[in-house]
Amino acid sequence: MNVRLKSVEKYYGKFRALGAINLEINDPGIITILGPNGAGKTTMLKVMTGLSKPKKGIVEIDGNNIFEDRKKVLMKMGTLVEQPEFYTYIKGREILSFSASLKGISGEEMKAEIERVVAATGSNDFLDKKVGKYSRGMKQRLGIATALIGDPEILILDEPTFGIDPMGSLEIRELIKNLNSRKEKIIIFTTHVIEEAIKLSDRIIILNNGLIEYDASNGGEYTLLKISGEIGDIPPGYKYTRISENEYIFEVREEEIPEFNRKITKAGNIKYIEKSSMVEETIRKISVKNLKNS
Amino acid sequence: MSSNFFKVYFHYLKNYYRSRSFYIILIITILASIIISYLTFRYSGKINNLIPSKLSSLSKVSDESLILYLWAYIMSSLPVFSSVFFSSPAISSEMENRTAFYIFTQPVDRTVLILGKYFAAVTATIISILVYIIAELISIETVYGFIEVNPFILSLLMLVLFIFAISALSFLFSSLFDKNMYAYISTFVTYFIIFYSANIALYLLYSYNAFFLLNNASTIIERVYININPTLFVSNFSLNPAGIHDVILSGTVFIFYTIVSLLLTFLIVEKKEVK
C-alpha cells in the first residue's frame, strides 16, 4: 500500500496550482497536509483521487495509475474531497447503501457495515431523513461515513472537521486517531489547524504556492530549539543552523529534548533556550513570505 | 458492469421520481391531458366544424384520425420539456451542486454512471408522459369505442425513440457545461430556434426537407395518423398516414442522435475535471 506522486504539475489556466510535486507515502499512518488558503492542498487531493488530471506527472496508488485504473484504485480508497454534497431527495442511509453496494458489499454484511460507520461518525439521528434537510455538519458526518464504507486501506479526507461543532470536531479527531491505532491505513488529511496536525500526525507536509515547503517524514515532529550562549563542543547527532556567533537553532525530536538539554548545558554557558514547533515556524515563515509577496 | 449499471440506475431513478421537477412535469402532463380530453369529448363528431375553410380538405379525414393527430401533436412536445427538466441538468448539476466530488470518487466507471443516469432520466420522462397516454386511450375508447392499434403502437414506439434521442442530446449539452442554466438554455435554443429555423430556411430556400433534424423527425409521432408536417409550410401534404419509409427514416434519425450524443457525452465526461 503506497501513494506516489512523480513530478506532478497542475495548472488552472496559467495559474500553477501544483508542482512539480514529488511525494512518496509508503508507511501507514496519518499524513497531514497543512498550508495557507490556495496552497494547493485540495488540488493535491483531487489529483490523488482522480478528480483532476495533472498537466504533467504520474499519480500511482499501490502501483496503479489512478487515471488508467480509476475503478480499481477507488475500490481501495475512501474519500471526502471539499465540503461534501449529496442528492437532495435521497436519504443518508440510501447514500451509504449505494456506496456500499458499489464496493461489492450486500445483504447482512451491508447492514453491519452501515451500522459500523454510522456509529463511528455519530450520524444515526439524521440518517433516515432526506439529505436536502441536512445541515453542513450533518453532510460532513455523512461524507466521512461514506469514506469509511468498506474499511478502505487509504483514506483521503479534506478538512474533515469543517462545519462541525467543537464537540463534534473532537469526536472526528478521536475517530481518525482510532482508525490509525493499528497503523494499517494511510490516512491523508488536510487541515488549517496546526495543533490538530501536530497532535494527530505521523507525518506533516506543508504546502505553499503548490510546492512542498516542509516534509517531516519518517514519523515524529521536530522541535526547534533556539539557543543563545557560548557553546564549546556541539553535541553530535543534531541538525543545527548557526544564526549568529552565539545563536543556534537545533532540530530535536520531542522525546529527545530532555537528553539534548542535558548535553547542551554541559557543552557551554547557555543563556536561554527558546522552544518552538518546526511546523509552526515553517507556517510562520510562509505567512511572512506570502505577506511580503502580496 | 451490468450490476453496477442497475445500482446506478435505481439510485438516480429514486432521486428523479422524488424530485420537484418530476411533479412539475407530471402536473403539466395532467393539464395537457385534461384540455385535450375536454376537446375530445366536447367536439366528438363535430371536430370538422372547427377546421378553417382554407383547410377544407382536412374534412375528408375521419374524426378519430384528426383527434388522434391532435393528441400525438401535443405528445411529441412533452418529451422536450421533460428532457429539459430531467436530462439537461444531468451532468452540469453534478458540477454546480458539487455532488461530483462524491459520485466521481465512487468505484464505478464514469460511462456506467452516465448510462445509468441516462436510462433513469428516460424512465422518469416515460413515466411522466404515461398519464397523457392513459388519458388518450380512455378518451378515444370512450368516445369512439375503439382505437386503431397499429398506428397507435407505431406512434408510441416513435415517441419512445424520440425520448431516447432528445434525452441523449440534452445529456450532451449538460456534459459541456458546469452550470445548469447554460445546459437548459442550450437545449431549448437548439431545439426550438436553431432546428426550427434551419428546417424552415432549408425548405423555403432549397425546397429541402431536412429529415435529419430532430424536431422534423419527431413529427412522425403524429404523422402516423395524418401525414402533415407541422414544422414546415408544406402545401402538398397527404391526408394518409405517413408511409413505412418515413417511419424507418425518422426512427433511424432518433437512433443516430441517441448513439452519437451518448458517445460524445461519454468522451467529454471521461475527461471532465471536477473543479
Side-chain angles (χ1 to χ4, degrees), chain A residues 10-13 17 42-43 45-55 66-67 69-91 94-106 130-132 139 142-143 145-147 149-150 152 156 158, chain B residues 1-24 85-86 89-117 120-121 124 178 180 266-275:
Chain A
K10 174 73 196 166
Y11 286 80
Y12 291 118
T42 301
T43 304
L45 298 195
K46 282 182 190 170
V47 164
M48 282 179 186
T49 51
L51 287 169
S52 202
K53 200 169 183 175
K55 188 182 175 188
I66 178 89
F67 298 100
D69 299 298
R70 192 156 28 204
K71 190 179 159 191
K72 194 175 169 187
V73 169
L74 292 173
M75 209 71 175
K76 296 176 189 171
M77 211 187 244
T79 65
L80 171 85
V81 184
E82 295 256 5
Q83 284 78 59
E85 291 293 343
F86 301 94
Y87 307 111
T88 45
Y89 300 104
I90 304 280
K91 293 171 188 168
E94 290 168 337
I95 302 254
L96 292 177
S97 306
F98 178 60
S99 291
S101 71
L102 291 177
K103 287 204 166 168
I105 306 165
S106 58
K130 287 180 188 161
V131 174
K139 284 182 193 171
L142 178 61
T146 56
I149 283 277
I156 293 186
D158 190 10
Chain B
M1 178 180 160
S2 63
S3 78
N4 272 353
F5 165 80
F6 286 110
K7 287 168 194 168
V8 173
Y9 169 77
F10 286 113
H11 187 69
Y12 279 116
L13 186 61
K14 215 181 280 175
N15 198 45
Y16 274 129
Y17 75 69
R18 286 177 186 169
S19 71
R20 227 171 274 159
S21 308
F22 182 79
Y23 293 97
I24 292 172
F85 275 110
F86 300 132
I91 299 154
S92 55
S93 70
E94 302 279 11
M95 303 296 160
E96 187 172 317
N97 303 336
R98 307 172 75 78
T99 46
F101 289 106
Y102 162 69
I103 200 72
F104 286 164
T105 51
Q106 295 302 305
V108 58
D109 294 326
R110 287 190 183 181
T111 306
V112 176
L113 266 179
I114 298 306
L115 208 59
K117 191 166 192 179
D178 289 349
N180 293 339
F266 293 153
L267 282 175
I268 295 166
V269 173
E270 195 56 43
K271 292 183 183 297
K272 205 153 180 85
E273 291 260 325
V274 185
K275 291 173 189 162

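Every chain is numbered from 1, with letters handed out A, B, ... down the list of sequences.
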**Report entry** Toward chain B, the part of Lys53(A) with a non-hydrogen atom under 4.5 Å
**Finding:** both
Report task. Could you tell me which residues satisfy side chain to side chain contact (heavy atoms under 4.5 Å, CB included) with Ile268(B), sequence neighbours excluded, listed by chain and number? Result -> Leu172(B), Ser175(B), Leu176(B)
Report task. With a 4.5 angstrom heavy-atom cut-off, could you sort out which part of Ile156(A) is near chain B: side chain, backbone, both or neither? Result -> neither
Query raised in the report: Below 4.5 Å, heavy atoms only, C-beta onward: do Phe98(A) and Val8(B) meet side chain to side chain?
Result: yes
Query - Side-chain heavy-atom pair Tyr87(A), Ser19(B) within 4.5 angstrom cut-off - result: no
Report task. Ignoring hydrogens and angles, tell me if any N or O in the side chain of Arg18(B) forms a donor-acceptor pair with the backbone of Tyr89(A) under 3.5 Å. Result -> yes
Report task. Could you tell me which of Ser99(A), Gly143(A), Gly78(A), Pro84(A) has the largest number of non-hydrogen atom pairs under 4.5 Å with chain B? Result -> Ser99(A)
Query - Between NZ on residue Lys71(A) and CG on residue Asp109(B), distance to nearest 0.5 Å - result: 5.0 Å
Query raised in the report: Is there side-chain contact between Val81(A) and Tyr102(B), with at least one heavy-atom pair below 4.5 Å?
Result: no
Query - Side-chain touch Val108(B)/Met75(A), heavy atoms, less than 4.5 angstrom - result: no
Query - Under 4.5 Å from a heavy atom of chain B, the part of Lys76(A) involved - result: neither
Query raised in the report: Among Lys46(A), Lys72(A), Gln83(A), who wins on heavy-atom pairs under 4.5 Å with chain B?
Result: Lys46(A)
Report summary line: The interface call for Thr146(A) against chain B, heavy-atom contacts under 4.5 Å, is side chain
Query raised in the report: Which of the residues Tyr12(B), Phe10(B), Phe101(B) is involved in the greatest number of heavy-atom pairs with chain A at under 4.5 angstrom?
Result: Phe101(B)
Query - Residue pair Glu273(B) / Tyr12(A), side-chain donor-acceptor N/O under 3.5 Å - result: no
Report summary line: Bottom line for Lys139(A): the part with an atom under 4.5 Å from chain B's heavy atoms is neither
Report summary line: Correct closest heavy-atom pair for Leu74(A) and Gln106(B) would be CD1-O, 3.6 Å
Query raised in the report: Is chain A contacted by the side chain of Arg110(B), its backbone, both, or neither, given a heavy-atom distance below 4.5 Å?
Result: side chain
Report summary line: Whatever's closer than 4.5 Å to a heavy atom in chain A on Lys272(B) counts as backbone
Query raised in the report: Are any non-hydrogen side-chain atoms of Ile90(A) and Lys14(B) less than 4.5 angstrom apart?
Result: yes
Query raised in the report: If you tally heavy-atom pairs under 4.5 Å against chain A, which of Asn97(B), Thr105(B), Ile103(B) wins?
Result: Thr105(B)
Requested in this report: Just do the salt bridge (charged side-chain N to carboxylate O under 4.0 Å, His left out) check on Glu82(A) and Lys275(B) with the steps written out, would you?
Outcome: CA-CA 10 Å; Glu82(A) 295 256 5; Lys275(B) 291 173 189 162; over 6 Å; no
Query raised in the report: Where the side chain of Lys103(A) meets the backbone of Pro107(B), is there a donor-acceptor pair that is under 3.5 Å apart?
Result: no
Query - For Arg70(A), salt bridge (charged side-chain N to carboxylate O under 4.0 Å, His left out) partners two or more places apart - result: Glu270(B)
